[in-house]
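Report on the structure given below.
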Amino acid sequence: MNCRSLAGAVIQTLDRNSCLRLLEDSSAVSHLAQTHAQVVVCGYKNDISTITKLIHKLCDFKAVAYARALFLSVPKPDLFLFNVLIRGSSNCGSPLSSVSLFTYLRNNTYLRPDNFTYAFTVSASSGIPDEKFGILLHAQAVVDGYGSDLFVGSSLVDFYFTFSKVEMAQKVFDRMLEKDTVLWNTMISGLVKNCCYEDSIAVFAKMAAGSGVRLDPTSVSSVLPAAAELQLLNIGLGIQCLSVKLGLSSHVHVLTGLISLYSKCGDMKTSKALFENIIRPDLISYNAMISGYTTNADSESSLRLFKELLGIGFQVNSSTIVGLIPVFYPFGHLLLTCGIHGFCVKSGIISNPAVSTALTTAYSRLNEIESARLLFNESKEKTLASWNAMISGYTKNGLTEKAISLFQDMQVSKMDPNPVTVTSILSACAQIGSLSLGKWVYDMIRRKGFLSNLYVLTALIDMYTKCGSIEDARKLFDDAPEKNVVTWNTMISGYGLHGHGQEAIDLFDEMMKSNIVPSAVTFLSVLYACSHAGLVDEGQKIFHSMVHDFGFEPLSEHYACMVDILGRAGKLEKALEFIQTMTVEPSPPVWGALLGACMIHKNTRLAQLASEKLFNLDPENVGYRVLLSNILSVDKKYAQAASVRQVVKQRNLVKTPGATLLEIGDIPYVFTAGDHSHPQKEAIYALLEKLSGKILEAGYKPETMTALHDVEEEEKELIMRIHSEKLAITFGLIQTNPGIEIRIFKNLRVCLDCHSWTKFVSKITERVIVVRDANRFHHFRDGACSCGDYW
DNA sequence: GTAGGGTTAG
C-alpha cells in the first residue's frame, strides 16, 4: 500500500476486515502507527484480535516498546496475545521481558500456559546468560504435560545446546515420542554449534536413512558445516548427491553450505562453479566465496568479489570484512589493510568486535604492533578474542614482556583467560625461558581443566623443553591422550635443542611407526637435531628419505639445515656443492649457515663468497658483517676486517644488544654486556677477577684476543666489555649455595670465548651450568659442554 | 548457509 491510499484511508471509516488488511499490508512502523489511529477511529480498540495483530506486526518491525505499551492498554489480554508478545520480545532482543511476562501470566492471571507459551519462553531463555530459567521452565512444562510436545521439545533441545549441555539435549531428543523435521534439524545444528561434528553427521545420516521424516534445505545446510570443518569431502559429496535427489540442491542456503565445504577442502574451482549456479546470490553466499578465496590465499579473487559486492550496492556486513582481512597479511598488504580499516571506521562496522579483532591480528602479523595496540585500546567492546589477538600479537612479534604484562592487565579487568590465552602465554614463557611463570600457568591450567586441550598441552611441552626440563616435557608427552603432528614436532625439536640427536631420531622413527603424517617442520626439527648433535650421515639419510620416500619438495629451510650439518662437520666444499644443486633460490639462512661454518673452520675464502651473497640479499643484517669481520681478523686480514666494520658504522646498522636472564627463586635478573647498574656489581666484578686468575692457571685462553689486534682502542674496549652471560653466571655463583645448578638464558648465541670460559668455570667451581642461547641448550659440567663444542 | 583469538623449526 502506498502513502496516498494510506492517507486516504485515515479519514475513512473502515470495517474490521479492511482494518485487518491494512495492518497486514503495512510495511513500516510509521504505517502501523497510522493504522493504529485508524483502528481507534473505527472503534476497534477493544477488539482483541485486531489489537493482537497490531502487536504482532509491531514486534515484526522491532517496535517492542510500542507493542508493550499497547499490550498494557488491553484490559483482558488472552493467552494468544501473551504468546505473541512473549515471542515478539524474545525476537527483539529482550528475552528477559519474555520470561517476566511468563511469570506474570502464571502468577497474576487465570490463564494457563500452553505448548506455544512454553516453546516461546524456553526459546527466550536461550538468550539469557543464566541457564536456570530454561531449566525451571523445562520442569514446569513437564508438570503441565507439555514435556513431549514437539514445539516445546525443539526449543528445549536448542536451549540445552546453547548452554553446551549436549547430553541433556540428547536426552530430550531421545525421549520425544514423535520427531519432525524441525526437531531433527535442531539436533543437527546444535551438535555443530558444540563442535560435535561426527555426531552431527551421524544424526543427519540417521534422519536421511530411517526416520521417515522429510529433509528440507535447513537439514542439509545444518550438517554441511560439520563436513566442512572436518574437511570430509566424501561425506560432503554424499550430502550433495542426496540433496540433488531430493531437489534441494538449488536452494541458496544449500549451495552456500557447499561452497564453504569445497573452499575449506581447497577446491575453489568447484566453489566458483556452485556460486555461478546461484540465480540470485545473496550477501551470505558472497561472504562464503570471499572467505573461501581468502583461506586459499587468492587475494586477487577475494578482492575482486569484494569490489563486485560494493559495486552492485550490497551493504556488506562484519562477516564480509572478517572473511576478507586475513588475505592481506600473508602478502604484506599493509596499505590495503589500512584502506579496509578506514572503510570500517567510515561505515561503523569497526564497532563489531570480530572486525576489530581481525584488524588487530592483521596489523600485528604485518609487524605493525603499535597500530594493533592503538586499535585494541580504542575498541569499545573488548572480547576474549580481542585480548587474545593482542597478546598473541605481542608473542608473535617477540615482545614477550608486553605479552605478559597485557595478560596481567587482562586479569585485572576480570576477563577470564581461556585455552587460547594460555597457549600464547606459554609460548611467551618458552621464549624468555621463565620456568617460574610457566609453572604458575601450569597450575592455572590444571585448575581450569585445560589440559585436555591439544594446543595447550603442546605449548606446555614446548615451554618445558625451552625452559630446560626436557624430562618433564617427555613425561607430559608420554601421558598425552592425544597427539598431533605439531605435538610430535615439538618434542623432537626439544631433543634437538638439548643436543640429544639420537633421541630425536628415535622419536621420529616412532612417529613414522605410529603412522603420523610428517610435515615440513617435522623434517626441519629432526634435521636440526642432527645438526646440533653432529650426526652427519643420519642427517643426509633423513634428507634423502624426505625427498624420495615421502615426496617432499625441500624448502630453502631444509637446504639451510643440510648446509649447517655439512658445514659444522667441516665439509665446507661439500656444503657449497650442495647449495649449487638447489632447485630453489638460496635464501639468506642458507648462506648464513655456510658463513657460520666458515667461522668455526676458519675458511676465509668461502666466507667472503657467502658474505657477498648475504650482503646483497640482506643488507641490513649486522650479524653477518660482524661474523665476516671476525673471520677476517682471525686470518690476520685486519684491513679488510676494518672496512667491513666501517660499513656497519657508516650505515648506522644496529646490532641486537646481548642480554642474559637469570632467575633466583622467582626473581628474574637481567644482565647486559658491561653492565654496571647492578647493586652488587662490586661483588660480581671481584669474583670475576678471582675466577679469571684461577681459570687462566687451569689453561683458559681468552678467544677474543686473537681477533682484536687491529681494532681501535675505543672499539676494543667496547668489544671487551664483559658479556652478559659471564656477569649472570658470576652473580649466580654468589647467590646460590655450592653444588646448586645455575641456569641462564641468553637472547643471542653464546660466543666462542664465553663458551670456553664457562667450561673452565664449571670445572673449578664444580657446578653444573645450563645455558640456553638463541640456538640451543648447553649443559656445562666438569669442564665440558653437552654440545661437544658443536654449536 | 558466511565471520574474530592458539601450539612446532630458525
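Below, read A as the first sequence line, B as the second, and so on, with proteins coming before strands; counting in each chain starts at 1.
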- Message: Just to be sure I understand the rule, does A:Val252 reach a base, reach only the sugar-phosphate, or reach nothing, if contact means heavy atoms closer than 4.0 Å?
- Response: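 The residue A:Val252 makes base contact.
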- Do A:Phe508 and A:Phe523 have ring centroids that are under 6.0 Å from one another?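 Yes - the distance between ring centres of A:Phe523 and A:Phe508 falls below the 6.0 Å cut-off.
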Can I get a per-line list of side-chain donor-acceptor pairs under 3.5 Å for residues 427-435 of chain A, giving both atom names and the distance, sequence neighbours left out?
{"unit_1": "A:Gln431", "atom_1": "NE2", "unit_2": "A:Thr395", "atom_2": "O", "d": "3.0"}
{"unit_1": "A:Ser434", "atom_1": "OG", "unit_2": "A:Leu437", "atom_2": "N", "d": "3.3"}
{"unit_1": "A:Ser434", "atom_1": "OG", "unit_2": "A:Glu663", "atom_2": "OE2", "d": "3.0"}

- For A:Ser587, all residues meeting side chain to side chain donor-acceptor pair (under 3.5 Å), sequence neighbours excluded: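 Listed in chain order: A:Ser556.
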- Item | Those residues that, when tested against A:Phe477, pass ring-ring contact (aromatic ring centres under 6.0 Å, His included) (two or more places apart) |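 Residues passing ring-ring contact (aromatic ring centres under 6.0 Å, His included) with A:Phe477: A:Trp488.
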- Does any donor-acceptor pair link the side chain of A:Thr256 with the base of B:dG1 at a separation under 3.5 Å?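 Such a pair exists between side chain and base.
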Whole angstrom is fine here: how far is it from [atom1] in [X] over to [atom2] in [N]?
{"X": "A:Ile188", "N": "B:dG1", "atom1": "CD1", "atom2": "C1'", "answer": "14 Å"}
{"X": "A:Ile349", "N": "B:dT2", "atom1": "CD1", "atom2": "P", "answer": "19 Å"}
{"X": "A:Leu224", "N": "B:dG1", "atom1": "CG", "atom2": "C1'", "answer": "8 Å"}
{"X": "A:Ile239", "N": "B:dG1", "atom1": "CD1", "atom2": "C1'", "answer": "13 Å"}

Please list every donor-acceptor pair under 3.5 Å in which a side-chain atom of residues 356-363 of chain A meets a protein atom from a residue at least two apart or in another chain.
{"unit_1": "A:Ser356", "atom_1": "OG", "unit_2": "A:Pro353", "atom_2": "O", "d": "3.4"}
{"unit_1": "A:Thr357", "atom_1": "OG1", "unit_2": "A:Pro353", "atom_2": "O", "d": "2.7"}
{"unit_1": "A:Thr360", "atom_1": "OG1", "unit_2": "A:Ser356", "atom_2": "O", "d": "2.6"}
{"unit_1": "A:Thr361", "atom_1": "OG1", "unit_2": "A:Thr357", "atom_2": "O", "d": "3.0"}
{"unit_1": "A:Tyr363", "atom_1": "OH", "unit_2": "A:His341", "atom_2": "ND1", "d": "2.8"}

- Query: Applying side chain to side chain donor-acceptor pair (under 3.5 Å), which residue pairs with at least one partner in residues 317-326 of chain A are found, sequence neighbours left out?
  - Reply: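 Matches after skipping sequence neighbours: A:Asn287-A:Asn317, A:Asn287-A:Thr320, A:Asn317-A:Thr320, A:Ser318-A:Asn352.
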- Take nucleotides 3-10 of chain B nucleotide by nucleotide from the 5' end and write B, S or -, depending on whether a protein heavy atom sits under 4.0 Å from the base, only from the sugar-phosphate, or from neither. BBBBBBBB
